[in-house]
Structures are given as structure tokens and as C-alpha cells.
A.B. asks: 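This is the structure I want to talk about, given as C-alpha cells.
Residue numbers start from 1 in every chain, and the chains themselves are labelled A, B, ... in the order their sequence lines are given, proteins ahead of strands. These values consider heavy atoms only, across backbone and side chains, with no hydrogens, waters or symmetry-generated copies.
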2 protein chains.
Amino acid sequence: MGSENRCENCIVRQFNSLRAMSKDELKQVSDSKISKSVRKGEAIFEEGEKLNGVFCVRDGVSKLSKLSSNGKDQIVKLATKGEVMGQRSVIAEETSNLSAVAVNDMELCFIPKEVIVNTLHKNPGFTFEVLRLMSHDLREADDVIVNISQKTVKQRIAEAFLYLKSNYGEDADGYLVLTLSREDIANVVGTATESCIRIISEFKKKGLLKSSGKKLGILDEKKLSELAEGF
Amino acid sequence: MGSENRCENCIVRQFNSLRAMSKDELKQVSDSKISKSVRKGEAIFEEGEKLNGVFCVRDGVSKLSKLSSNGKDQIVKLATKGEVMGQRSVIAEETSNLSAVAVNDMELCFIPKEVIVNTLHKNPGFTFEVLRLMSHDLREADDVIVNISQKTVKQRIAEAFLYLKSNYGEDADGYLVLTLSREDIANVVGTATESCIRIISEFKKKGLLKSSGKKLGILDEKKLSELAEGF
DNA sequence: TCGAAAAGGTGACAAATATCATATATATTT
DNA sequence: AAATATATATGATATTTGTCACCTTTTCGA
């Protein structure tokens, strides 16, 4: 096994709570972790499932969502390289409240919960780091609640594109690196797919967005953010 | 000072993270805390304010909300006896993302952040307990997001009444102990005050709710929960 | 590479919800 | 108790958004 497969050397660790682990703890994690490849569209875990560990995202993006009885799927969060999924369930010792599905091909490490829980009880630095990251997630969740209830669908879609640009960037030609289907965008902002398509078409007609194949790009960021703010 | 004013003897501590503190740590908290009485409608802290500590709710209820530019106020959470407010901001070292306003007369203890932060770095049990409670808050926030985007206003209002009953109970005559104004209920479910009033009137006409003065009571819990589920 | 399936797109219409106006009841102040 | 402010209530209407139907384009597997 090459040394790049050791958590000690894994670069994504710099972005998550694992960076607060001691060398020994990290060694334990590395020895017990299981690497997984997940293809686009595949499920990583399902709502209601009991998680026996957490998933550290090495590459790719996963959508964390909740399905309702009427068949709608609300995406609550997108998890990217460096993020750890399933922490909440492991900490609260509850089944997962969300499903995780790969948005594109992914590389993951599964870390058994025992190692995590042990470290949580022994290493306050690690616990604090997890707490800090979760408090960030909580703030973002609060913001989502306020956005959904106070902004129009058009504002939320405009905001979603700004979010995609600032979080995942754009390529040399100005297209967003992370390509989401219209349905996924609709599920992020909490609207019907048709409404989402309609508004994206409108944005394209107005010269705010451009498209090439499946890719979408932002043409007029200023107007898009004015729109998001409600002007 | 009577012994009931010591955190060591405070009963609300049983419901929050302070129960994981050592005797010494608790003594420190008690020696540095400041008791406050807040009248109904008064602000405890404002969105954007830098918090120098947390607020432990001894009695009463506070609404945690965020104001938008269009004047609407989304209530993200209600904090009750035993809950600690402002933790997120103190932990993340950010200004508060929410405002806290008293829904009824309240008794609070202000605990300077130094004591909290010190304990977070020294006592993993305490940190873990804070983490556990925050992971619960995060789950609830996820649920709110899904509810707001997938359920109708009518469903969410039905749900709000069930929530008020199960969390705050009802008096001998079957009226909800926690009385919220129609505006507050509207701000909890994320709708216009008029829409909220209209639906409550409808519920009363249909025999699902009863009212007496400002008080509201649940008459038909079964139908109300069926309604909340979408039947 | 052909053909099915999925994704993207658009119109017409229905339903849900917000907004505005105005009235009445209730609480609060003086 | 009168005066004022605030909360509740309801109708009329506008706006937003969802739903259904149908079509075109793209993707992907056999």
C-alpha cells in the first residue's frame, strides 16, 4: 500500500476535524479505514440507516437529502472533498436523518465509529474541532431556513449559482466546475424541477447565465447577486 | 445569596451541557455568572452582535430569529428552560447569526465565554455533551428545512400546534401552556400573518382547535396530525 | 449505433399563498 | 373610562409556484 493511502499523509485531512488527531489516533484511523469508490448516482447511505462509522470525502461531491412521502427530495447540504459525513448520527447515536448520494464519481474513506467515539472521549482538541465544524453547519442550516422561507424561488436559484461558483469555482472558459442537473438544483432550492428549468431559461435569455452542453456558467455575477438580494 | 442561586444547585442544569461540568468548573461558572430578568418582548441579544458569553434559560421562553430586509422575521428555534443560547457564536468565535427575544417574562443567567471556552478545552465530557446537544439542534434544523420546502402552510401550522403541545404541554382546561401570537406562529412556520390567522380560523371552525381569550387549545389531535402528514 | 430512457424545455392551467384594504376585538396607557 | 395602540379577522385580488401534458434533445446501455 502506497503511503498516499495513509490518513497521516492524506491532504483532505487538512480541511476536516481529523487534523486535530494525534499521530497515534490517526494511525488507528488509517489502520481501520476502508477505502471506497462510488459511482455517480450511487447511494452511500440511506435515511433511517444505522451508521457504523463516518465517511470522509477524498474526492467528488455528495448530496445529503431527505425524501418526503410525495416523492420530493430536499437537498440539505452538499459535501465535498475534506468533509466528513455521518458524524451527526454517530455522535447522537441515532439512525441517519439524511441520505447521501454521489453527485459525481467519488472516492471515500469509511472510518468505523469506534475509533471516532474513542477519540471524542479522549482528545478534547478533536472534540472541539468537530464541534466547531458542526457549529458552522448549524449556522448554514439556519441560513437555509431563512432563505427558503423569505426569498422567492428566483432569488434562491440566483443564490445557488453564486454558491456553486464561490464553493466549486469555474473552469478556464467560465463554466461552473460542479455541474448539477436541473432536478438537483430544484431540490437544493426547494422548488419544482419545471419551475427551476423555467427560471434558468429566463436567466439565459437575460444574459445572466450561459450554457454549453450540460455545463452552465455565470455571465453577469453582479446582476445575479442583485437579483438574489431582491432588487 | 441563597444556595438556590448557585449553579451547583440549579435544576435547569440537568437539562443542558453544564451537567457534564466538574464541581470546580461549576463553581467557577457560578462565581462569574450574572442573573438577569427579561420582560416579555425585550431583546436578549441581536443578530450581528458579538456575544461575550452564553445565556442559560432558567425560566420562560425565547425566540431565536433572523430578520430579513423585507421586514419578515423567521423564527428558527424556541429556547426553553434548561437550554443554553449563544453557544454557537461563542464556539465559532463569530457574531450571532440570530436575535433572541423573550416570548414571555424570563429568568436568565449570563455566563462569560472565558469559563465556557476554558472548560471546552479541558473537559472532553463537557465538550462532548455540547456536541451532542448541537448535533440534536442540527438534526432539528434539517427537519425544519425539509418541512418548509415540502409541506404546505396548513400542514406546517398543524404541526406547530402539535409541537407546542408536546413540548410545552397544556393546562387543566386543555389550553396550550405556551401562548404565541399569530404573528409568532406565522414566523415559526414561515408564512404571512394573515395566512396564519386564516388557517387557525379554519381549524377552529372545523373543531380542531378551541380558543379562549389569547389561549388556544387542541380539540382533535388525531385529525391535526393526519392533516400534518398530508391526509 | 440504434433505440430506449432520462434530462431539458415550454405552454396552459390550477392551486397555494401573499398582499392590500378594512373592520372588529382586545390590550395598554393615561 | 376614554383614547390609543396592537392583535385578530376576513374579503378581494394579485402573484407566485406547482402540476400536467407534451415535445425535443441528450445520454447511455444493449
A.B. asks: When the ring centroid of Phe55(B) is compared with that of Phe45(B), is the distance short of 6.0 Å?
C.D. replies: yes
A.B. asks: Please report the distance, rounded to the nearest Å, between CZ in Arg156(A) and P in dT17(D).
C.D. replies: 7 Å
A.B. asks: The side chain of Ala192(B) is closest to which nucleotide in this list: dA18(C), dT19(D), dT8(D)?
C.D. replies: dA18(C)
A.B. asks: For the side chain of Val153(B), starting at C-beta, report the closest nucleotide among dG8(C), dT17(C), dT10(D).
C.D. replies: dT17(C)
A.B. asks: Report yes if a donor N or O on one partner sits less than 3.5 Å from an acceptor N or O on the other, where the partners are the side chain of Arg198(A) and the base of dG18(D); otherwise report no.
C.D. replies: no
A.B. asks: Using a cut-off of 4.0 Å on non-hydrogen atoms, how would the nucleic acid contact of Lys151(B) be classed: base, sugar-phosphate, or nothing?
C.D. replies: nothing
A.B. asks: Using a cut-off of strictly less than 4.0 Å, decide whether Lys214(A) has a side-chain nitrogen or oxygen near OP1 or OP2 of dT25(D).
C.D. replies: no
A.B. asks: Strictly below 4.0 Å: does Lys154(B) bring a side-chain N or O up to OP1 or OP2 of dT17(C)?
C.D. replies: no
A.B. asks: Can you tell me the distance, in whole Å, between the CG atom of Asp184(A) and the C1' atom of dG8(C)?
C.D. replies: 14 Å
A.B. asks: Pick the nucleotide of DNA chain C nearest each of Thr152(B) and Lys40(B); which residue has the one closer to the 5' end?
C.D. replies: Thr152(B)
A.B. asks: To the nearest Å, give me how far apart CD (Gln74(A)) and P (dG18(D)) are.
C.D. replies: 11 Å
A.B. asks: Taking atom P of dC23(D) as reference, at what distance in whole Å does atom CD1 of Ile197(A) sit?
C.D. replies: 17 Å
A.B. asks: Roughly how many Å is it from CD in Glu194(B) to C1' in dA12(D), rounded to a whole number?
C.D. replies: 13 Å
A.B. asks: Decide yes or no on salt bridge (Lys or Arg N to Asp or Glu O under 4.0 Å) for Arg182(A) and Glu194(A), but give the supporting numbers first.
C.D. replies: CA-CA 8 Å; Arg182(A) 310 297 148 106; Glu194(A) 296 95 322; over 6 Å; no
A.B. asks: Using whole Å, what does the distance between atom C1' of nucleotide dA9(D) and atom CD of Glu183(B) come to?
C.D. replies: 15 Å
A.B. asks: Would you indicate, yes or no, if dT10(C) has its OP1 or OP2 atom less than 4.0 angstrom from a side-chain nitrogen or oxygen of Ser201(A)?
C.D. replies: yes
A.B. asks: When the distance from CG of Leu209(B) to P of dT8(D) is rounded to whole Å, what number comes out?
C.D. replies: 14 Å
A.B. asks: May I ask you to say what Thr193(A) touches in the nucleic acid, namely base, sugar-phosphate or nothing, with a heavy-atom cut-off under 4.0 Å?
C.D. replies: nothing
A.B. asks: Take the protein atom NZ of Lys72(A) and the nucleotide atom C1' of dA16(C), then report the distance between them rounded to whole Å.
C.D. replies: 11 Å
A.B. asks: If the threshold is 4.0 Å, N to carboxylate O, is there a salt bridge linking Asp137(B) and Lys77(B)?
C.D. replies: yes
A.B. asks: Mark yes or no for whether Asp184(A), through its side chain, and Leu180(A), through its backbone, hold a donor-acceptor pair below 3.5 Å.
C.D. replies: no
A.B. asks: With salt bridge (Lys or Arg N to Asp or Glu O under 4.0 Å) as the test, would you mind laying out the steps for Glu202(B) and Arg198(B) before giving the verdict?
C.D. replies: CA-CA 6 Å; Glu202(B) 187 191 324; Arg198(B) 234 181 279 276; over 6 Å; no
A.B. asks: Any side-chain N or O of Arg182(B) under 4.0 Å from OP1/OP2 of dA9(D)?
C.D. replies: yes
A.B. asks: On the nucleotide dA18(C), are OP1 or OP2 found under 4.0 Å from the side-chain N or O atoms that Ser195(B) carries?
C.D. replies: yes
